[in-house]
Amino acid sequence: MSKLDVNRREFLKIAAASGAALAVPSLAQSSVSSKMIGIQVGAISFLDEGTEKVLDILQERACVNTLFLAVFTYGRGIAGRQIPGYPLPDHGKQEYDLNYHGGNFATPHPQYYKNTVIQPAHAPDHGDLDILAEVLPAAKKRGLKVICWMEDVFRPDLPGIEKVQERDLYGRNMETLCVNNPNYLNFFTGLVEDFARSYDIDGIMWGSERQGALSDSLGATHDTPPIDPGNVTCFCEFCQRKAKERGINPERAKQGFLELEKFVRAARSGKRPSDGYYVQFWRILLRYPELAAWEMLFTDSLRETYAALYKTVKTAKPTVPVGWHIWHNTSFNPIYRAEQDWQELSKYSDFIKVVMYNNCGGERMALYVDNIGSTLFGDLTKQQLTEFNYEVMGFKERGYDQIPYTGLSADYVTQETKRALAGVAGTKTQIWPGLDVDIPTEAPNSKRTRQSVKDAVTAALSAGAPGVILSRKYSEMRLANLSGAGDAIRELKLSS
Ligand SMILES: [Zn+2]
C-alpha cells in the first residue's frame, strides 16, 4: 500500500464513524487529575483509530490530561506504528507502516525557516493532514492540553542535509546533525516559533538523545551496537572554530581521540594494557585533557540550543511552557549524568522530562554494562561493574544476570524522581518523570504488566513528582497496561 493511500478523506470517514460513539456519555469527563498526566502520541494513532476514540481511551484508561503530540521527527521512536519485528499492540491497524517517512506532521509556515538549508517539509505520511489542526479543537473541548513534542532525528536523504551533518574524527559525514551548525539552530528556532505563533498550543517539548565524543568513544551508553570510536563527533568547521574560541586546540583533540580509538579497539578485542584498562584510559586523558574539553564543548552547545529555543518561544508567546526530554543514559553513564546539571538547566526550563523507564531499564542497564565493561572497566566482571554502577548512581537493584528479565524496580523510579526533584529545588522547573509503557524489549526480556505500570506511576507521583509522561508512544502500548496508569491515579485519589 502506498503511503498516500490513507488520505485525509479516509481519515475523516474514520473520525466521523468514531464520533457517533460519543452519543454514549463518557466517563472521561469526570477523570481530571490534579497532577499533569501526560502521554506521548503520534499522528498515526488518530488516523488509525479516530481522534475522539483515542481521546476517550486515553482519558478513561489512564486519566490523561495532557497530550505530548509528536509533531516533528524523522524517527520511529515517537512517531509511526510499532517498530517492525516487535508484536503489534491490541489496538490500531494490525500492520506495520513499513513506508514511514516523517517530518513536520502539522503545516510548516515558510516565513519561519529563512536562514537554514533544512527544508521545512510537511510529513508526506498522511497526505495533507495537519495533526495539530485535527487534534487541538477536539482536545480543547475536553479540557485536555496539547504539548508539541519534537526531537532532532533526521533522514540522510533530505535535500541539503549533508551541509548540516556532523563530521566524525576522520572528517566523514554522519547522519546526526551538528548543534554548532547555524543551519541546525536556525531550523529549530524557526520550528518552535512556527508552532508557538501558528497554533494555540499549551507547550513545547524538545529532545536530543546524544552525548559528546569522549563518552561515545568509550561506548558509555545502552545503545547497541555502541558507536565506532572512529565515528565520534563532531569535528566540523563550526565545532573547530568554537573550540578555538574556548582555548581548545582541535588538532590536539583529534590526536587524543585517535589514541582513545586505539585503546578502545584493543580493549574490545580483549588486549589488556599491561597496567590495566582503567589506568591506561587515565594515562591518555591526562596526556590529552582536550578529550574532556571536547565532551563539554558538545554539552555546552546543546545547552545553548535549549536556551535559544526557550528564548525564541518566550519572545513569540511568553505563556507557552517550554521543556526538555532528557535521555535515559542519565541513569546509566555517570559522565552523562554529570553533564545533566538540573540547576543549570532550570534557567531555561519550565519543565524537564527525566527518562526513568524502569521496565526496559533492566535490559538497558545490562547493555550499558556490556558496553563500558568492554572498554574503561574491562578489568571488572559484569556483576562487579553492575554493583559499582548501582553504588555511584544510588540504586539498589537486582544482579546483572537478572535485570534483563525482571526490569528495574519501582524503587528505581522513586530514587530517580527524588534525585531530579532535589536537583531543581528552589527553582520554578517542574520534573515530569518519563515512564515506559510497552517500549519494546528483546523477546525473552521483561514485559510490562498492568501492575508494573501502576507501581511505576505510583512511585513517581508518591515521590513528589508534579506529573508523569507515559512513553514512548500510544501506538506501541497495550490497552490493559495503559489502564495501570489510571489504577495508580485513582488509588492515589488524584482524579476528581
Ligand atoms: Zn560540528
Side-chain angles (χ1 to χ4, degrees), residues 6-19 21-22 26 28-29 31-33 36-60 62-73 78-79 102-109 111-112 120 122-123 125-151 190-206 309 312-314 316-323 350-351 353 432 467 469-470 473-475:
V6 183
N7 59 23
R8 180 159 175 85
R9 197 172 307 127
E10 189 175 333
F11 174 69
L12 289 172
K13 258 193 290 175
I14 301 166
S18 69
L22 276 184
S26 166
Q29 309 306 323
S31 291
V32 180
S33 174
M36 194 293 293
I37 309 299
I39 190 168
Q40 295 181 184
V41 55
I44 189 78
S45 292
F46 296 102
L47 201 95
D48 280 352
E49 302 177 42
T51 300
E52 298 296 342
K53 186 175 162 220
V54 169
L55 297 181
D56 277 348
I57 289 170
L58 300 184
Q59 287 188 285
E60 288 168 17
C63 303
V64 162
N65 54 28
T66 308
L67 306 175
F68 289 76
L69 189 56
V71 289
F72 175 86
T73 183
I78 63 167
N104 186 334
F105 289 92
T107 304
H109 300 84
Q111 64 267 35
Y112 297 111
H122 174 70
D125 302 71
H126 315 306
D128 63 355
L129 173 72
D130 178 331
I131 197 59
L132 275 172
E134 170 60 33
V135 172
L136 268 172
K140 297 244 176 241
K141 216 178 287 172
R142 294 165 180 250
L144 294 171
K145 290 189 171 174
V146 177
I147 292 184
C148 290
W149 163 215
M150 61 202 84
E151 57 174 6
L191 187 70
V192 295
E193 182 172 3
D194 190 354
F195 287 127
R197 288 194 192 274
S198 308
Y199 300 92
D200 185 17
I201 56 170
D202 300 295
I204 284 182
M205 182 167 81
W206 185 87
L309 297 182
T312 300
V313 175
K314 295 299 175 181
K317 208 182 278 180
T319 53
V320 172
V322 180
D350 294 316
F351 62 88
K353 172 195 171 191
W432 293 338
I469 304 180
L470 306 175
K473 54 182 180 181
Y474 168 68
S475 65

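Throughout, residue positions are numbered sequentially from 1 according to the sequence presented. Side chains included, hydrogens not; waters and symmetry mates left out as well; all remaining heavy atoms used.
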Give a yes or no on whether the backbone of [Y] and the side-chain of [X] come within a donor-acceptor separation of less than 3.5 Å.
{"X": "H122", "Y": "F105", "value": "no"}
{"X": "K473", "Y": "G42", "value": "no"}
{"X": "D125", "Y": "G102", "value": "yes"}
{"X": "N104", "Y": "F72", "value": "no"}

Checking E151 against T73 for the side chain to side chain donor-acceptor pair (under 3.5 Å) test, could you report, in this order, the C-alpha distance in whole Å, the side-chain angles of both residues, the deciding distance, and whether it holds? CA-CA 6 Å; E151 57 174 6; T73 183; 2.6 Å; yes
Kindly determine whether I39 and I469 satisfy side chain to side chain contact (heavy atoms under 4.5 Å, CB included), including the steps that lead there. CA-CA 5 Å; I39 190 168; I469 304 180; over 6 Å; no
Could you check whether D56 pairs with R142 (Lys NZ or Arg NE/NH1/NH2 to Asp/Glu carboxylate O, under 4.0 Å)? yes
What residue among M36, K353, M205, Q40 forms side chain to side chain contact (heavy atoms under 4.5 Å, CB included) with I147?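 So the option named by the test is M205.
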Please determine which of V146, L132, V71 meets the side chain to side chain contact (heavy atoms under 4.5 Å, CB included) test together with Y199.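 The side chain to side chain contact (heavy atoms under 4.5 Å, CB included) with Y199 is passed solely by L132 among V146, L132, V71.
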State, yes or no, whether a side-chain contact exists between [X] and [Y] at a heavy-atom distance under 4.5 Å.
{"X": "L67", "Y": "L55", "value": "yes"}
{"X": "K140", "Y": "D200", "value": "yes"}
{"X": "D202", "Y": "V320", "value": "no"}
{"X": "E49", "Y": "I57", "value": "yes"}

Heavy-atom pair of closest approach, residues [X] and [Y]:
{"X": "V64", "Y": "Q59", "result": "O-CG, 3.7 Å"}
{"X": "P108", "Y": "P120", "result": "CG-O, 2.8 Å"}
{"X": "A196", "Y": "V313", "result": "CB-CG1, 4.2 Å"}

Kindly determine whether L191 and W206 satisfy side chain to side chain contact (heavy atoms under 4.5 Å, CB included), including the steps that lead there. CA-CA 11 Å; L191 187 70; W206 185 87; 5.8 Å; no
Could you go through K53 and D48, starting from their C-alpha distance and side-chain angles, then the distance that decides it, and tell me whether this counts as salt bridge (Lys or Arg N to Asp or Glu O under 4.0 Å)? CA-CA 10 Å; K53 186 175 162 220; D48 280 352; over 6 Å; no
Steps toward side chain to side chain contact (heavy atoms under 4.5 Å, CB included) verdict (M150, I78): CA-CA 9 Å; M150 61 202 84; I78 63 167; over 6 Å; no
Would you say NZ of K314 has more than 12 non-hydrogen atoms from neighbouring residues, nucleotides or ligands within 6.0 angstrom? yes
Between F351 and W432, what is the ring plane arrangement, given parallel below 30°, perpendicular above 60°, and tilted in between?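 Parallel.
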